[in-house]
Amino acid sequence: MKRTCIKDALNAESSVTEILIKGWVRTKRDSKGFSFLEINDGSCIKNIQAIIDHTPEIVAVLEKINTGASVSITGELIESPGKGQKWEVRGKTVELLGAADAETFPLQKKRHSDEFLRTIAHLRPRTNKFGAMFRIRAELSYAIHKFYRDKGFFYVHTPIITGSDCEGAGEMFRVTSLDHETLSKTKKEEQGARDFFGQESHLTVSGQLSAEMYALSLGNVYTFGPTFRAEKSNTPRHAAEFWMIEPEMAFADLDDNMDLSEEMVKYLIAHILEHCPDDMELFAKFVDKTLMDTLKNISENSFERITYTDAIELLQRCKKASKFEYKPEYGLDLQTEHERYLTEKHFKKPVIVYDYPVEIKPFYMRLNDDGKTVAAMDLLVPRIGELVGGSQREERLDVLERRITDMGMDTEDYWWYLDSRRFGTAPHAGFGMGFERMLMLLTGVTNIRDVIPFPRTPKSLEF
RNA sequence: UCCUCGGUGGCUCAAUCGGCAGAGCGGGUGACUGUUAAUCACUAGGUUGGGGGUUCAAGUCCCUCCCGGGGAGCCA
């Protein structure tokens, strides 16, 4: 007999005379003469209840079954005479596939703290909350591909190992095949030449520069993959390994970029609400009671768009101005408290801040006609802060070369990047969105460590 | 990296002014013929994060290290 997954069994239209269910025992309740088993197989958040009459043989098996054990049950799918569920399995046979010792199995039937569950990251997907989280994560991943594919974007696999030591963001992880001894005996300048690639190599911090090359060939493209930052930032919003979506559009400007980011965020919310209602319900009920209102608010309203200059002025003039720890000032980056004020207090919705001072943004962002600002954009959302960061790219060779030189970098290192401006350059724009941050926004979960299966953070690499 | 709050049974926490280390849940044993994180009774379980110090006496005070949470910086 073929296994029926619990999701399908619970969606049955009529009773089934013979059914095979496999899964993990969430609870066992014994009475005189029979037992109830709640089984979950991960196919959905709900368990199926099996009722099993006691016979000497079955009691012998049931005695070895505890919370956490994996079992295989055959029987009949019938309408449940009890309250609380439509269907249940009246079991005929019960087989113990894998026992779980009750004294040492760490998950109990009660709620556990997120902190404790992080210490057993290998078992937490067996809980309702993390099961729901990682089903949503899978669905969100699919939704991203669907969104871009439907719009005619091509998915580009940009490299994980890179040679460019400056992609414009953050500290990088060094990649080397040299052993520790060789490394310590070799002079810093000579290490690269002796290494696998004949030069120093790192884990990518962004696929953007590569994606630009493909946008200027295939038109509209996106990357979706892991990225790595060696920053020792210890916050609930940062991880050393995280996933990023980076679309890049040829013949597009900053407005197109802003439109795309807004459309994407709204699409992803709608997709998850439509396809993961049961899993989302858990987060709306137990994690963030305002979640549905927040998501509705984001879907139904257009995002506020404001220039950096206007945003600074607004912050300087607002009632809270004197209470900011950091004074808002033209030429300085917006602080967390400023972002929160804009999205949570003032506009009460997502805000796109654009046209930033050239001094605080990387070399590849397009210089505006005023000569003082670049065509950059940050999408800020309540609670999460920066969800998306992007820009129209500098397509003019001379301006780009000057920017690279001005920032103390060598144009030689970017020869292939500059080639795209040398041969058939075109206006183009793109952005990056943190996948985990989108997931946090969707679920109301406030710690990035709880939206990624095995989180990598400073001093933490157990799993 | 800085600021801040924590670390007590498997989990979540309590312990007054420095004076006998406790509860709920979970576990074990038993009861119960439709339970719903079942219920009821009984029961076992502790080097109070590590090291050092003060004291007649330290979970509690001091020093130090480790680990975790929250905030900041940086960012996605």
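Residue numbering restarts at 1 for every chain, and letters A, B, ... go by the order of the sequence lines.
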Taking distance alone, no hydrogens or angles, what donor-acceptor pairs closer than 3.5 Å link side-chain atoms of residues 319-330 of chain A to residues at least two apart or in another chain?
| unit_1 | atom_1 | unit_2 | atom_2 | d |
| --- | --- | --- | --- | --- |
| K327(A) | NZ | F324(A) | O | 3.1 |

Would you tabulate the side-chain donor-acceptor contacts of residues 447-460 of chain A under 3.5 Å, counting partners in other chains and residues two or more places apart, or write 'none'?
| unit_1 | atom_1 | unit_2 | atom_2 | d |
| --- | --- | --- | --- | --- |
| N447(A) | OD1 | R449(A) | N | 2.9 |
| N447(A) | OD1 | R449(A) | NE | 3.4 |
| D450(A) | OD1 | R118(A) | NE | 2.9 |
| D450(A) | OD1 | R124(A) | NH1 | 3.2 |
| D450(A) | OD2 | R118(A) | NH2 | 2.7 |
| R456(A) | NH1 | F454(A) | O | 3.4 |
| R456(A) | NH1 | F463(A) | O | 3.1 |
| R456(A) | NH2 | F463(A) | O | 2.7 |

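Under the 3.5 Å distance criterion, with hydrogens and angles disregarded, a donor-acceptor pair is assigned to the side chains of Y356(A) and D378(A). No side-chain donor-acceptor contact under 3.5 Å links T204(A) and T162(A).
To the nearest whole angstrom, the two P atoms, one in C66(B) and one in G73(B), are 25 Å apart. On the P atoms, C13(B) is 38 Å away from C32(B), given to the nearest whole Å. Taking atom C1' in both C11(B) and G27(B), one finds a spacing of 12 Å when rounded to whole Å. Taking atom P in both U60(B) and U54(B), one finds a spacing of 15 Å when rounded to whole Å. Between U33(B) and G46(B), the two P atoms lie 36 Å apart (nearest whole Å). To the nearest whole angstrom, the two P atoms, one in C61(B) and one in C5(B), are 13 Å apart. Look at the C1' atom in both C40(B) and U48(B): the space between them is 33 Å, to the nearest Å. Comparing the same atom, P, in G6(B) and in G49(B) gives a spacing of 14 Å after rounding to whole Å.
Within 4.0 Å (heavy atoms only), T336(A) reaches sugar-phosphate atoms of the nucleic acid but no base atom. Contact annotation for E462(A): no contact, since no heavy-atom pair falls under 4.0 Å across all strands. At a threshold of 4.0 angstrom between heavy atoms, the contacts of T27(A) are confined to the sugar-phosphate backbone, with no base atom among them. Looking at heavy-atom distances under 4.0 Å, Q85(A) makes contact with a base. Base engagement by H238(A) is indicated by at least one non-hydrogen atom pair under 4.0 Å involving a base atom. Within the 4.0 angstrom heavy-atom criterion, no nucleotide atom of any strand lies near L107(A). Note on Y326(A): only backbone sugar-phosphate atoms sit closer than 4.0 angstrom, heavy atoms only; bases stay farther off. D30(A) comes within 4.0 angstrom of a nucleotide base, judged by non-hydrogen atoms across all strands. When heavy atoms are screened at a 4.0 angstrom cut-off, P106(A) is found touching no nucleic acid atom at all. Looking at heavy-atom distances under 4.0 Å, G33(A) makes no contact with the nucleic acid at all.
Side-chain N/O atoms of Q108(A) and base N/O atoms of G27(B) include no donor-acceptor pair closer than 3.5 Å. Judged by distance alone, with hydrogens and angles left aside, R237(A) brings no side-chain donor or acceptor close enough to the base of G71(B) to form a pair under 3.5 Å.
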(message) Run the ring-ring contact (aromatic ring centres under 6.0 Å, His included) test on Y308(A) and Y354(A) for me, step by step, so that the C-alpha distance in whole Å, both residues' side-chain angles and the decisive distance to 0.1 Å come before the verdict.
(response) CA-CA 6 Å; Y308(A) 166 89; Y354(A) 63 99; over 10 Å; no
(request) Go through the steps to decide whether R383(A) and D288(A) satisfy the test salt bridge (Lys or Arg N to Asp or Glu O under 4.0 Å), and finish with yes or no. (result) CA-CA 12 Å; R383(A) 219 176 18 212; D288(A) 176 7; 3.2 Å; yes
(request) Might you work through the ring-ring contact (aromatic ring centres under 6.0 Å, His included) test for Y414(A) and F363(A), ending with a clear yes or no? (result) CA-CA 12 Å; Y414(A) 295 93; F363(A) 69 90; 5.2 Å; yes
(message) Please evaluate residues L62(A) and I65(A) with respect to the criterion side chain to side chain contact (heavy atoms under 4.5 Å, CB included), reporting the C-alpha separation (whole Å), side-chain torsions for both, the decisive distance (0.1 Å), and the verdict.
(response) CA-CA 5 Å; L62(A) 283 174; I65(A) 293 177; 4.3 Å; yes
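Contact annotation: S31(A) does not reach the phosphate of U33(B) (side-chain N/O to OP1 or OP2, under 4.0 Å). In this structure, Q49(A) does not reach the G34(B) phosphate: none of its side-chain N or O atoms is under 4.0 Å from OP1 or OP2. Here K32(A) reaches the OP1 or OP2 of C32(B): one of its side-chain N or O atoms lies under 4.0 Å away.
Taking CZ of F116(A) as the start and CG of L107(A) as the end, the distance is 7.0 Å to the nearest 0.5 Å.
The NZ-P distance, from K86(A) to G34(B), rounds to 24 Å in whole Å. Regarding K232(A), its NZ atom lies at a distance of 14 Å from the C1' atom of C74(B), rounded to whole Å. Nucleotide A37(B) holds its P atom 14 Å from the NZ atom of K83(A), rounded to whole Å. Between the P atom of G71(B) and the CZ atom of R383(A) lies a distance of 12 Å, rounded to the nearest Å. Per the geometry, CZ belonging to R111(A) stands 14 Å off C1' belonging to C13(B), to the nearest Å. One interatomic measurement links the two molecules: CZ of F105(A) to P of G28(B), which rounds to 13 Å at whole-angstrom precision. Nucleotide U35(B) holds its C1' atom 14 Å from the CD1 atom of I39(A), rounded to whole Å.
Between R137(A) and D279(A), no side-chain nitrogen of the basic residue sits less than 4.0 Å from a carboxylate oxygen of the acidic one, so the salt-bridge criterion is not met.
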What does the list of N/O pairs under 3.5 Å between the protein and nucleotides 40-46 of chain B look like, with a distance for each?
none

Heteroatom pairs (N/O) under 3.5 angstrom, protein to nucleotides 64-70 of chain B:
| unit_1 | atom_1 | unit_2 | atom_2 | d |
| --- | --- | --- | --- | --- |
| G69(B) | OP1 | R118(A) | NH1 | 2.9 |
| G69(B) | OP1 | R449(A) | NE | 3.2 |
| G70(B) | OP1 | N447(A) | ND2 | 3.2 |
| G70(B) | OP2 | N447(A) | ND2 | 3.4 |

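The main-chain N or O of D253(A) is never found under 3.5 Å from a side-chain atom of R366(A) such that the two would form a donor-acceptor pair.
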(request) Can you run through RNA chain B from 5' to 3' and write each base as (, ), [, ], | or . depending on how it pairs? Watson-Crick or G-U wobble, both distances under 3.5 Å. (result) (((((((..((((.....[..)))).(((((.......))))).....(((((..]....))))))))))))....
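With distances taken from any side-chain atom of K109(A) to the nucleotides A37(B), A72(B), U33(B), the minimum falls on A37(B).
Listed by chain and residue number, T343(A), E344(A) satisfy the side chain to side chain contact (heavy atoms under 4.5 Å, CB included) test with P382(A) (two or more places apart in sequence, or in another chain).
Judged by the 6.0 Å distance and 45° axis criteria, K266(A) is positioned over the aromatic ring of F303(A).
Between F116(A) and E325(A), the residue anchored nearer the 5' end of RNA chain B, judged by the nucleotide with its closest heavy atom, is F116(A). Nearer the 5' end of RNA chain B, as judged by each residue's closest nucleotide, is the contact made by E38(A), out of E38(A) and E386(A).
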